[in-house]
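Residue indices begin at 1 and follow the sequence shown.
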Amino acid sequence: MIIKRPSIFIYTHEADPTVVKDVCAGIEEEGIFYDVTEMPDTCMEKLAYKAARDSMLGSGVGIYGTAVCLKMRGLEKGRNIESYLEPTRAQCRCVGSNSARAIKKLPFKEEYRI
């Protein structure tokens, strides 16, 4: 029997490796597990919606190219917590950190200093 640990799901499609790395770094800073999966969808919002739906924790991130989106289960399509088309490194880390902080019920970080 295989049991998956509770994780934030990150669904990607042709994602920029730097964006993925920085989002994951933000999640790691908060001490939460994550799972990165390549998917066929080409819309960051659809990727984030499916990731949040599939995650046991209800938090999902979608990354398409350089575009990144954070969504929580229960939010209807078209409503996002955060989304950026061309995020900076700080914004990517903030998306990762905030995806974990939502689970831990902590206030979101608004800005990173790198």
Drop me the distance from Asp22's CG to Cys94's SG, to the nearest 0.5 angstrom. 12.0 Å
Donor-acceptor under 3.5 Å (Thr66 side chain, Leu85 main chain): yes
Same cluster or not: are Ile81 and Tyr34 linked, directly or through other Ile, Leu, Val, Met, Phe, Trp or Tyr residues, by side-chain heavy atoms under 4.5 angstrom apart? yes
Check whether more than 12 heavy atoms from other residues, nucleotides or ligands sit under 6.0 Å from atom CZ of Phe33, and answer yes or no. no
Flag side-chain contact, heavy atom, 4.5 Å: Asn98 against Lys109: yes
List for me each residue that meets side chain to side chain donor-acceptor pair (under 3.5 Å) alongside Thr12, sequence neighbours excluded, and say none if there are none. Glu38
Quick one: pull up CE in Met39 and CZ in Phe9 and give me the separation to the nearest 0.5 Å. 10.0 Å
Can you tell if the side chain of Leu75 reaches within under 4.5 Å of the side chain of Asn80, non-hydrogen atoms only? no
Side chains of Ile103 and Ile8 in contact at under 4.5 Å (non-hydrogen atoms): yes
Can any side-chain N or O of Thr37 pair as donor or acceptor with the backbone N or O of Tyr11 at less than 3.5 Å? no
Validation row: Cys24, Val36 side chains within 4.5 angstrom (heavy atoms): yes
Got a sec, which residues hit salt bridge (Lys or Arg N to Asp or Glu O under 4.0 Å) with Asp54, two or more places apart in sequence or on another chain? none
Mind jotting down which residue pairs meet the salt bridge (Lys or Arg N to Asp or Glu O under 4.0 Å) criterion with at least one end in residues 97-108? Sequence neighbours excluded, please. Glu30-Arg101, Glu30-Lys104
Listed partners of Lys46 passing salt bridge (Lys or Arg N to Asp or Glu O under 4.0 Å), at least two apart: none
Please list all pairs passing the salt bridge (Lys or Arg N to Asp or Glu O under 4.0 Å) test where one or both residues lie in residues 70-80, with sequence neighbours left out. Glu76-Arg79
Compare every heavy atom of Ile27 with every heavy atom of Gly96, then report the nearest pair and how far apart it is. O-CG1, 3.2 Å
Whether Asp41 side chain and Cys43 backbone form a donor-acceptor pair below 3.5 Å: no
So which atom in Ala52 and which in Met72 form the shortest heavy-atom distance, rounded to 0.1 Å? CB-C, 3.8 Å
Say whether, by atom type as modelled, one donor and one acceptor occur between the side chain of Ser55 and the main chain of Leu57 under 3.5 angstrom. yes
Under a 3.5 Å cutoff, is there a donor and acceptor pairing between the side chains of Tyr84 and Glu82? yes
Contacts of Tyr64 that satisfy ring-ring contact (aromatic ring centres under 6.0 Å, His included) - sequence neighbours left out: His13
Quick check: closest heavy atoms across Gly60 and Ala51, and the distance to 0.1 Å? CA-CB, 3.7 Å
Stepwise, does the side chain to side chain contact (heavy atoms under 4.5 Å, CB included) test hold for Val23 with Arg93? CA-CA 5 Å; Val23 169; Arg93 282 186 172 237; over 6 Å; no
Kindly indicate whether the side chain of Ile10, heavy atoms from C-beta on, has any atom under 4.5 Å from the side chain of Asp35. no
Between Ser7 and Arg5, is there a donor-acceptor pair closer than 3.5 Å when you use the side chain of the first and the backbone of the second? yes
Determine whether Leu70 and Ser59 make a side-chain contact, defined as any pair of heavy atoms from C-beta on separated by less than 4.5 Å. yes
Do Leu47 and Ile63 come within less than 4.5 Å of each other through their side chains, counting heavy atoms only? no
